[in-house]
Amino acid sequence: MPYLPVVARGVSDPARRIAFCISDRTGITVETLARSLLSQFLDVDFELHTLPFIDTPEEAEAAAEQIRAAAAKGAPPLVFHTLVDPELRARIHAAGGVAFDFFGTFLGPLEKALGSKAAVAVGRLRALDDIHAYEQRIEAINFTLATDDGLGTDRYAEADIVLVGVSRSGKTPVSLYLALHYGLRVANYPITEDDFETGRLPAAIEAVRKRVIGLLIDAQRLHEVRERRRPGSDYASLAQCRRELRALRDLYERYGIQYIDSTRLSVEELAASIVHRLRPSTLSR
């Protein structure tokens with residue numbers, strides 16, 4: 001079974017612990033929650049297994065068997081799950097791991113606070129997404145693909161956000177994340193040598209300046225990323241990266257462009273920072 005490692009860095013002799021993320025749906029939610037919790041323990045090296053679509057007794061028993069096998073090798077594995085079926089939960093809880101039941105932890109207090117009984121059914125998360133929100137995300141993804149990397153500049157007036165930055169600073173991944181998870185129409189534009197020579201923002205960017213967010217990145221990190229793409233090229237040289245980033249910062253400050261350093265931020269953190277920077281009125285226009 002392939003696993004997704006969560007590796008603690010800078011630790012001389014970490015204690016490895018196995019953790020399972022189990023869900024009756026895709027497993028994305030439980031894995032995200034588990035990763036957030038595990039990331040707080042810097043002295044432990046985790047081996048993370050995600051088991052999605054565990055929605056029958058047979059599948060739950062197979063998952064339980066994996067937990068038992070892991071437990072037989074050492075410390076009891078950590079088991080994070082969002083199962084709602086009592087029989088499936090019972091099988092997982094009896095498997096010998098240390099279980100963390102995300103739904104069970106919160107549903108009881110929520111029922112008490114709301115004075116209402118929870119509808120315990122597999123896949124209820126899907127019901128929370130109305131058709132309008134789904135269609136909005138699809139439209140946002142299509143827009144973002146059509147305006148990626150400087151394409152479709154004539155459509156920038158339709159954009160919720162326009163990201164700018166030098167080549168390989170992370171514009172495309174975060175644009176797609178914003179479209180998929182926030183339903184935002186995000187265009188992105190690479191600032192190039194031609195723009196630095198003129199000392200001006202491209203006209204298409206200046207026209208929507210209030211919706212523009214700039215990205216910066218550490219010169220050494222940019223050099224490493226570009227070196228993997230074009231080894232030994234002038235484009236990837238550290239000197240070139242430093243020149244571009246100095247000129248880019250000057251351009252941002254001259255035009256009052258808000259900017260974020262993407263060097264040490266995950267795509268998720270960068271997306272949240274971008275949304276936080278823009279006024280709600282801009283995102284709801």
Side-chain angles (χ1 to χ4, degrees), residues 1-9 11 13-130 133-134 137 177 180-181 266-269 271-272:
M1 173 77 185
Y3 64 85
L4 302 173
V6 180
V7 179
R9 300 187 184 280
V11 179
D13 185 23
R16 175 174 287 272
R17 289 295 296 271
I18 295 175
F20 290 90
C21 296
I22 301 176
S23 172
D24 49 31
R25 301 304 301 168
T26 64
I28 294 173
T29 299
V30 67
E31 183 181 316
T32 300
L33 289 168
R35 283 183 177 276
S36 295
L37 292 170
L38 297 180
S39 69
Q40 303 304 308
F41 298 89
L42 301 180
D43 58 341
V44 183
D45 181 15
F46 295 101
E47 182 180 306
L48 190 63
H49 300 252
T50 299
L51 307 179
F53 301 110
I54 305 299
D55 55 8
T56 68
E58 294 76 20
E59 289 165 344
E61 190 56 38
E65 191 58 41
Q66 291 191 52
I67 296 169
R68 283 191 285 268
K73 296 177 181 178
L78 309 176
V79 181
F80 303 93
H81 74 81
T82 52
L83 300 174
V84 296
D85 185 292
E87 180 181 355
L88 307 187
R89 291 163 66 183
R91 289 175 184 263
I92 296 301
H93 283 227
V98 181
F100 299 90
D101 180 353
F102 287 141
F103 275 4
T105 299
F106 296 106
L107 280 181
L110 272 173
E111 287 178 337
K112 183 177 180 180
L114 297 173
S116 176
K117 191 69 176 174
V120 180
V122 173
R124 289 294 299 175
L125 185 62
R126 185 180 298 275
L128 299 178
D129 273 328
D130 61 43
Y134 174 78
R137 286 197 300 273
Y177 188 92
L180 179 60
H181 291 273
S266 66
V267 170
E268 297 88 345
E269 291 169 325

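Below, each value reflects all heavy atoms present in this structure, side chains not excepted, and no hydrogens, waters or symmetry copies.
Taking OH of Tyr177 as the start and CD of Glu269 as the end, the distance is 10.0 Å to the nearest 0.5 Å. The distance from the CG atom of Leu107 to the OG1 atom of Thr105 is 9.0 Å, given to the nearest 0.5 Å. Atom SG in Cys21 sits 11.5 Å away from atom NE2 in His81 (nearest 0.5 Å). Atom CD of residue Glu31 and atom OG of residue Ser36 lie 10.5 Å apart, to the nearest 0.5 angstrom. Atom CD1 of Ile28 sits about 12.0 Å away from atom CG of Leu33, to the nearest 0.5 Å. Distance check: Arg35 CZ to Phe46 CZ gives 11.5 Å after rounding to the nearest 0.5 Å.
With sequence neighbours excluded, the residues forming a side-chain contact (heavy atoms from CB on, under 4.5 Å) with Pro76 are Val98, listed by chain and number. Not counting sequence neighbours, the partners of Phe53 by the side-chain contact (heavy atoms from CB on, under 4.5 Å) test are Thr26. The side-chain hydrogen bond (donor to acceptor under 3.5 Å, both in side chains) check on Thr32 picks up nothing, with sequence neighbours excluded. By the side-chain contact (heavy atoms from CB on, under 4.5 Å) test, Ala70 is found to be paired with Ile18, Phe20, Pro77, residues two or more places apart in sequence or in another chain being considered.
At least one side-chain heavy atom of Ile67 sits less than 4.5 Å from a side-chain heavy atom of Ile92. Contact annotation: the side chain of Ile22 never approaches that of Val30 to less than 4.5 Å [non-hydrogen atoms, C-beta and beyond]. Annotation: side chain of Asp101 is in contact with side chain of His93 (closest heavy-atom distance under 4.5 Å). Inter-residue side-chain proximity for Arg91 and Pro57 is flagged as met; some heavy-atom pair is nearer than 4.5 Å. Under the 4.5 Å side-chain criterion, counting only non-hydrogen atoms from C-beta, Ile54 is not in contact with Asp24.
Applying the ring-ring contact (aromatic ring centres under 6.0 Å, His included) test to pairs two or more places apart or on separate chains, those with a residue in residues 56-80 are Phe80-Phe100, Phe80-Phe102. Applying the salt bridge (charged side-chain N to carboxylate O under 4.0 Å, His left out) definition to pairs two or more places apart or across chains, those involving residues 67-79 are Glu61-Arg68, Glu65-Arg68.
Salt bridge Glu47/Arg17: absent, no basic N to carboxylate O contact under 4.0 Å.
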